[in-house]
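For reference, positions follow the sequence shown, starting with 1. In this text the structure is predicted, and so the values were computed from the model without any measurement.
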Amino acid sequence: MDKVPFAIVGSEKEIEVDGKMVRGRKYPWGVIEVENEDHCDFVKLRQMLIRTHMEELREYTNTILYENYRSAKLESLGVVQDGSVFKEVNPLAKMEEERKVHEAKMKKMESEMMNVFQQKVQEKEAKLKQTEEELHSRHKEMKDTLEKQRLELEDKKKRLETAGRPITPDKSVRKKTFGFPK
């Protein structure tokens, strides 16, 4: 494709160059050979067309050119054909139809994938919401338990303060004096 636009020289005549016959044109300043890549891009163009468009060339030859020739030949022989049996297929229309079918299929697949994705997202969101609710309930339970313990401690503190006794530790908790009285 880096050779586009192609520089093409055509000729039906064969001329002699260096002792061999080649297809080309003879000018006063020299000879242009059709199949010499230094003179002309005909070889590159021919290779590109054959390599990249061979199937289209075959389809066009078989469906249009051959069918037209066959129909004309049969008509010249006096054979009448039923047009509905041998309807011509336009390759471009066929390709366009196939493209539309492919696009519809792709859109259907895309919508199915989107539905699956949305369903999975909804499931994940529901699971996260449930987990969040569980965490909130656990947090509330722990907060309630902590508040209950705080209230119990405040109640004990008030009872001890109202009893008028100094707060002393239990005998079992007293410091050991190793047998010496204090």
Side-chain angles (χ1 to χ4, degrees), residues 1-140:
M1 291 307 293
D2 60 335
K3 296 291 184 183
V4 173
F6 293 107
I8 305 295
V9 175
S11 177
E12 295 178 3
K13 296 179 183 175
E14 288 192 2
I15 56 174
E16 186 176 336
V17 176
D18 296 332
K20 58 181 180 175
M21 298 299 284
V22 295
R23 190 174 308 274
R25 291 185 179 186
K26 190 170 190 171
Y27 293 99
W29 57 85
V31 175
I32 297 178
E33 298 176 34
V34 172
E35 294 185 358
N36 185 341
E37 291 185 25
D38 293 334
H39 300 172
C40 175
D41 290 330
F42 174 75
V43 174
K44 292 174 185 144
L45 178 64
R46 180 179 60 193
Q47 289 298 325
M48 184 193 74
L49 288 174
I50 289 174
R51 285 184 184 152
T52 59
H53 300 293
M54 180 57 85
E55 190 60 36
E56 288 87 353
L57 290 170
R58 283 184 186 150
E59 276 187 38
Y60 181 77
T61 302
N62 287 338
T63 58
I64 295 174
L65 297 178
Y66 175 71
E67 286 300 322
N68 289 343
Y69 166 78
R70 188 175 88 47
S71 297
K73 197 66 164 169
L74 287 173
E75 284 177 12
S76 69
L77 295 174
V79 177
V80 179
Q81 298 183 60
D82 181 13
S84 65
V85 174
F86 300 104
K87 69 176 184 179
E88 291 184 17
V89 177
N90 184 353
L92 294 176
K94 185 178 178 182
M95 286 175 49
E96 183 67 23
E97 182 181 332
E98 288 174 355
R99 185 184 62 78
K100 286 180 181 178
V101 168
H102 179 69
E103 285 178 358
K105 183 179 175 183
M106 294 303 288
K107 283 183 181 179
K108 182 182 175 189
M109 286 176 57
E110 182 179 349
S111 68
E112 288 174 356
M113 289 172 65
M114 186 59 85
N115 289 340
V116 168
F117 175 73
Q118 288 175 346
Q119 182 182 5
K120 288 189 177 191
V121 166
Q122 289 173 351
E123 289 173 1
K124 269 291 193 202
E125 285 177 346
K127 188 176 180 180
L128 286 173
K129 192 172 184 178
Q130 180 184 2
T131 305
E132 186 178 7
E133 288 173 359
E134 289 173 2
L135 285 173
H136 280 294
S137 65
R138 265 184 54 201
H139 175 71
K140 187 176 180 189

- [ ] Before giving the answer on side chain to side chain contact (heavy atoms under 4.5 Å, CB included), spell out for K127 and E123 the whole-Å C-alpha distance, their side-chain angles and the decisive distance to 0.1 Å.
- [x] CA-CA 6 Å; K127 188 176 180 180; E123 289 173 1; over 6 Å; no
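- Rounding to the nearest 0.5 Å gives a distance of 11.0 Å between CG of N36 and CG of D41.
- Sorted by first and then second residue, the ring pair (Phe, Tyr, Trp, His ring centres under 6.0 Å) pairs with a member in residues 16-36 read Y27-W29; sequence neighbours excluded.
- Taking CZ of R58 as the reference point, atom OG1 of T61 lies at 9.5 Å (rounded to 0.5 Å).
- Side-chain atoms of F117 and K120, non-hydrogen and from C-beta on, never get closer than 4.5 Å to each other.
- Interatomic distance, CD of Q122 versus NZ of K129, reported as 12.0 Å (0.5 Å rounding).
- The pair R70-E67 meets the salt-bridge criterion, since a charged nitrogen lies less than 4.0 angstrom from a carboxylate oxygen.
- The salt bridge (charged side-chain N to carboxylate O under 4.0 Å, His left out) test with E35 is passed by exactly one of K44, R46, R23: R46.
- The main-chain N or O of K73 is found under 3.5 Å from a side-chain atom of S76 such that the two form a donor-acceptor pair.
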Per-pair distances, 0.1 Å, donor-acceptor, side chain in residues 102-113, under 3.5 Å, sequence neighbours excluded:
from: E103; atom 1: OE1; to: R99; atom 2: NH1; distance (Å): 3.2
from: E103; atom 1: OE2; to: R99; atom 2: NH1; distance (Å): 2.5
from: S111; atom 1: OG; to: K107; atom 2: O; distance (Å): 3.4
from: S111; atom 1: OG; to: K108; atom 2: O; distance (Å): 2.8

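- Nearest heavy atom pair, residue S11 against residue G24, reads OG-O, 2.7 Å.
- Atom-to-atom distance recorded for E33:CD and D18:CG is 8.0 Å, nearest 0.5 angstrom.
- The structure places CD of E96 at 5.0 Å from NZ of K100, a figure rounded to the nearest 0.5 Å.
- Among residues two or more places apart in sequence or in another chain, the salt bridge (charged side-chain N to carboxylate O under 4.0 Å, His left out) test is passed with E56 by none.
- The minimum heavy-atom distance linking V31 with K26 is given by the pair CG2-CG, 4.1 Å.
- Annotation for M21: atom CE counts as buried by contact number, over 12 foreign heavy atoms lying within 6.0 Å.
- In this structure, E59 CD and L65 CG are separated by 12.5 Å, a value rounded to the nearest 0.5 Å.
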